[in-house]
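Worksheet for the structure shown next.
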Number of protein chains: 2
Amino acid sequence: MITHIFVTNRLLKIMRRDVFQAIADPVRREIIELLADETLTVNTVAQKFDVSRPAISKHLKILKECGIITINKQGRERLCQIQPKNLIPAFLWIEQYRNLWEDRLDSFENYLTKLQTKNKENE
Amino acid sequence: MITHIFVTNRLLKIMRRDVFQAIADPVRREIIELLADETLTVNTVAQKFDVSRPAISKHLKILKECGIITINKQGRERLCQIQPKNLIPAFLWIEQYRNLWEDRLDSFENYLTKLQTKNKENE
DNA sequence: AAATTGCGTAACCGAATGATTACACATATA
DNA sequence: TATATGTGTAATCATTCGGTTACGCAATTT
């Protein structure tokens, strides 16, 4: 797993646009949520938002540049498809700290149970 | 779990500075990495970076504002302590898509080795 | 009491970001 | 062939971001 994180960190330094930046924008997160369910054309995506189509086009470009989606020409339309595996680096980075928050929750639970037994002893 | 994600999304919409924005900046990610190991004073954190102390101060403020760290006065120093559980919303958001990438991946190892060869090509 | 230290913040600056409108161009349709 | 549709992109703009220097203030040290 250390190797994974190492690769992740190296990758983040190499990429111009990294995954963290990509998912920092709420519109882009919504786009990801949409495309997680189904492959959509650029226009279909744009219609779900209040912002203009060119704005969505740019967001899609960013998502494409960091590998989170692919855009495939089909006639005059472009199909946007999610590439979920490219979320993994971000996932791994956060997951490093999972044991940290779980440890503290555990110790909190232990603390609570200790309190409870103590209370029972006093009763 | 669905409830968690619902809460997460609502939370993200309410917060001015959200966790995703906080971890979008590489300096702030490094700060988190530092504080994951130990509680540090503002100056100690600043000394680990090339940027000025006020710049670090701002980063710390942002991390504080979205709950990822707490800053406690101790004499004239300020102790910065990680609050890892506040990374959970970001973790949960990405984790929604975990089954998606796990379904499509033949094996995680393959993915990583591909990444590694890609990195070597880029060098 | 005076000097030093740790830190926050204001003022400022250049670059990046996210949005818009206008346009170009390929593809489908009439 | 003429028109309509789907899309990318250039030009432009306001805002945000991340950095700096200069300063102020509280707490410690001398």
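In what follows, chains are A, B, ... by sequence order, proteins preceding strands, each numbered from 1.
The B:Glu77 side chain lies nearest to C:dG6 when the options are C:dG6, D:dT9, C:dT17. Comparing D:dT7, D:dG19, D:dC17 by their closest approach to the side chain of A:Val42 singles out D:dT7. The side chain of B:Ser57 has C:dT9 as its nearest neighbour among C:dT17, C:dT9, D:dG8. Relative to the side chain of A:Pro54, the nucleotides C:dC7, D:dT9, D:dG19 differ in distance, and D:dT9 lies closest.
Between the P atom of D:dT7 and the NE2 atom of A:His59 lies a distance of 17 Å, rounded to the nearest Å. If you take CZ of B:Arg53 and C1' of D:dG18, they are 16 Å apart, rounded to a whole angstrom. Across the protein-nucleic acid pair, A:Ile31 atom CD1 and C:dG18 atom C1' stand 12 Å apart, rounded to whole Å. Taking atom CG of residue B:Asn43 and atom P of nucleotide D:dA27, one finds them 17 Å apart after rounding to whole Å. Across the protein-nucleic acid pair, B:Asp18 atom CG and D:dT16 atom P stand 15 Å apart, rounded to whole Å. Spacing between atom CG of A:Asp25 and atom C1' of D:dT15 amounts to 14 Å, rounded to whole angstrom units. Atom CD1 of A:Ile62 is separated from atom P of D:dT9 by 12 Å (rounded to the nearest Å). Atom-to-atom, CD1 of A:Ile56 to P of D:dG8 comes out at 12 Å; the value is rounded to the nearest Å.
Here A:Ser52 reaches the OP1 or OP2 of C:dT20: one of its side-chain N or O atoms lies under 4.0 Å away.
Clustering ILVMFWY residues whenever any of their side-chain heavy atoms sit less than 4.5 angstrom apart, transitively, puts A:Leu40 in a cluster other than the one holding A:Ile62.
Residue A:Arg76 places a side-chain atom within donor-acceptor reach of the base of D:dT5, judged by atom type and a 3.5 Å distance cut-off alone. Judged by distance alone, with hydrogens and angles left aside, B:Lys58 brings a side-chain donor or acceptor within reach of the base of D:dG19, the pair sitting under 3.5 Å. In the interface, the side chain of A:Arg28 is not paired with the base of C:dG18 through any donor and acceptor atom under 3.5 Å apart.
Interface residues of residues 67-75 of chain A facing DNA chain C, ordered by number: A:Lys73, A:Gly75; criterion, heavy-atom separation under 4.0 Å.
Taken to the nearest 0.5 Å, the CD1 atom of B:Ile23 stands 6.5 Å off from the CD1 atom of B:Ile68. Taken from OG1 in A:Thr39 to CD in A:Gln74, the straight-line distance is 10.0 Å, to the nearest 0.5 Å.
Between the side chain of A:Arg28 and the backbone N or O of A:Gln21 there is at least one donor-acceptor pair closer than 3.5 Å. With hydrogens and angles ignored, the 3.5 Å screen pairs a side-chain donor or acceptor of B:Gln96 with a backbone N or O of B:Trp93.
Between A:Arg29 and B:Asp18 there is a salt bridge, since at least one side-chain N of the basic residue sits less than 4.0 Å from a carboxylate O of the acidic one.
Checked against a 6.0 Å centroid threshold, the rings of A:Phe91 and B:Phe91 count as neighbours.
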